[in-house]
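Heads up, the thing below is written out as structure tokens.
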There are 2 protein chains.
Amino acid sequence: MALRHAVLAALLDGEHSGYQLAKAFDVGMANFWHALPQQLYAELAKLERDGLITGREVVQEARPNKRLFTVTDAGLDELRRFAAGQSKPSSVRDDLMVKVAAADAVDTAELVGQLEERAAIAEAKIDLFDGLLRRMRGDADEAEFLARGRRIGPYLTCLRGRAFERENRDWCTRTAAVLRARAGADVRR
Amino acid sequence: MALRHAVLAALLDGEHSGYQLAKAFDVGMANFWHALPQQLYAELAKLERDGLITGREVVQEARPNKRLFTVTDAGLDELRRFAAGQSKPSSVRDDLMVKVAAADAVDTAELVGQLEERAAIAEAKIDLFDGLLRRMRGDADEAEFLARGRRIGPYLTCLRGRAFERENRDWCTRTAAVLRARAGADVRR
DNA sequence: TTGTTCATGTAACTCGTTACATGATTCG
DNA sequence: CGAATCATGTAACGAGTTACATGAACAA
């Protein structure tokens with residue numbers, strides 16, 4: 001299974017509704033896992049059936065009722081078993097890179113536009129992660145927080161997410177510059 | 001569709017057999033796309049049926065016969081259409097990060113081992129990509145090659161792959177160090 | 001009054017992974 | 001003599017995506 005453990009890990013932060021999880025997994029959950037609402041509602045149902053989480057109904061007036069989920073002891077065991085098992089290296093699987101790989105046979109102007117757009121998105125995510133990191137560590141500085149903070153898991157993955165997006169931004173702008181320069185010089189003649 | 005265009009892009013380098021592609025996509029195709037042999041044979045069959053590639057049988061004596069595939073004009077059109085369409089940002093989807101996200105509730109020693117193992121794998125990939133890059137640019141230096149080389153697509157994606165793996169290695173070693181330090185200090189008491 | 005937020009799902013479909021199958025050759 | 005390399009696939013299953021459905025409250 002797959003999403004399963006990502007959801008359990010997310011629920012370590014405390015009670016969440018399907019809707020809240022959907023928002024977190026839409027942004028990318030610090031950029032290491034993405035999932036759609038439908039997937040989450042389905043997974044939450046399965047997790048509850050298997051006794052790894054429990055949900056409690058919260059009745060609301062101005063908004064639709066919701067269900068908040070918590071990890072059970074069985075869920076914690078499952079997470080521990082998962083963490084002990086082996087994990088295979090993952091790749092990135094990005095459409096934009098496929099396009100760059102085909103850059104020599106494809107309309108370059110179009111591609112440059114997409115690269116710049118992507119760089120802007122990456123920039124926005126960097127800001128977002130910066131904010132998350134600041135909120136998580138509170139008053140403490142980073143070294144202090146990592147040494148003695150109570151919940152550092154999401155902080156560490158968020159650091160990875162930010163580094164990834166920085167790399168992403170830099171590569172996109174550099175690649176765009178390279179392609180643009182070649183278009184100007186008209187290499188292929 | 002998905003793998004489809006990655007295969008077309010890979011075939012821009014010239015004729016390849018399913019087997020050769022399988023090896024390239026096993027390493028990760030410069031770390032941005034991974035696929036298993038079965039997937040590739042299936043995809044090649046579909047691509048040929050749709051007229052986007054053509055295969056020619058090569059009879060061999062000491063080895064099993066093979067089929068070498070080339071992109072057709074229709075295939076090139078398809079690639080161009082794909083490159084013009086929009087691409088959604090992709091996330092990383094890594095088991096190891098899920099485990100780190102759950103680090104506060106999980107056996108840390110185990111996790112540190114996995115992080116170090118992963119750092120070693122990343123290191124190996126960096127070397128591999130370094131070699132590929134050197135081979136692709138030949139005698140020219142990088143700026144020169146990127147300005148005037150004939151096929152720079154795979155070079156650019158390989159740069160991204162290397163940057164990704166460097167980031168990966170650094171994050172794994174740093175995260176392992178953080179978790180190890182906490183285990184020594186026994187934070188949770 | 002149009003769009004966004006909150007809140008939850010079902011159904012059909014495509015894509016990716018795991019398991020299985022075959023068989024000769026060459027390297028250590 | 002066992003393992004890896006070359007070379008190609010089928011079948012079943014699990015995971016992810018797209019499309020569809022509902023409905024009230026609130027902000028621009």
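Order of the sequence lines fixes the chain letters, A, B, ..., with proteins taken first and strands second; residue numbering starts at 1 for each chain.
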Quick one, give me the B/S/- string for nucleotides 22-28 of chain C, reading 5' to 3', where B means a protein heavy atom under 4.0 Å from the base and S means that only happens at the primed atoms, P, OP1 or OP2.
-B-SS--
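- Between its opening and closing five pairs, the helix from C:dT1-D:dA28 to C:dG28-D:dC1 changes axis direction by 50°, a value rounded to 10 degrees.
- Under the salt bridge (charged side-chain N to carboxylate O under 4.0 Å, His left out) criterion, B:Arg162 pairs with B:Asp130, not counting sequence neighbours.
- Of the residues in residues 9-23 of chain A, none has a non-hydrogen atom less than 4.0 angstrom from any atom of DNA chain D.
- Taking every heavy atom of residues 65-72 of chain A and every atom of DNA chain C, pairs under 4.0 Å involve A:Asn65, A:Lys66, A:Arg67, by number.
- When the ring-ring contact (aromatic ring centres under 6.0 Å, His included) test is applied to B:Phe145, the partners found at least two apart in sequence or on another chain are B:Tyr155.
- Within 6.0 Å of atom CD in B:Gln86, 12 or fewer heavy atoms from other residues, nucleotides or ligands are found, so the atom counts as exposed in its surroundings.
- Listed by first then second residue, pairs satisfying ring pair (Phe, Tyr, Trp, His ring centres under 6.0 Å) with a partner in residues 111-143 of chain A number zero, not counting sequence neighbours.
- Using a 4.0 Å cutoff on non-hydrogen atoms, the parts of residues 26-58 of chain A near DNA chain C are A:Gln38, A:Tyr41, ordered by number.
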Check: residues 109-118 of chain B side-chain donor-acceptor pairs under 3.5 Å, at least two apart:
from     : atom 1 : to       : atom 2 : distance (Å)
B:Glu110 : OE2    : B:Gln114 : NE2    : 3.0
B:Gln114 : OE1    : A:Ser87  : OG     : 2.9
B:Gln114 : OE1    : B:Lys99  : NZ     : 3.1
B:Gln114 : NE2    : A:Ala83  : O      : 2.8
B:Gln114 : NE2    : A:Gly85  : O      : 3.0
B:Glu116 : OE1    : B:Arg180 : NH2    : 3.4
B:Glu116 : OE2    : B:Arg180 : NH2    : 2.1
B:Arg118 : NH1    : B:Asp94  : OD2    : 2.9

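- Side-chain atoms of A:Thr157 come within 3.5 Å of backbone atoms of A:Pro154 as a donor-acceptor pair (strictly under, hydrogens ignored).
- Not counting sequence neighbours, the partners of A:Phe82 by the ring-ring contact (aromatic ring centres under 6.0 Å, His included) test are A:His5.
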Acceptor/donor pairs from residues 21-39 of chain A side chains to any protein atom, 3.5 angstrom cut, sequence neighbours excluded:
from    : atom 1 : to       : atom 2 : distance (Å)
A:Asn31 : OD1    : A:Lys125 : NZ     : 3.0
A:Asn31 : ND2    : A:Glu165 : OE2    : 2.5
A:Gln39 : OE1    : A:Leu36  : N      : 3.3

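- With a heavy-atom cut-off of 4.0 Å to chain A, the contacted part of DNA chain D has its first and last nucleotide at D:dA15 to D:dA25.
- A:Arg4 comes within 4.0 angstrom of nothing in the nucleic acid, heavy atoms only.
- When atom types are taken as modelled, the side chain of B:Thr72 and the backbone of B:Leu52 share a donor-acceptor pair closer than 3.5 angstrom.
- Counting only distance, with no hydrogens or angles, the side chain of A:Arg80 and the backbone of B:Ala105 share a donor-acceptor pair below 3.5 Å.
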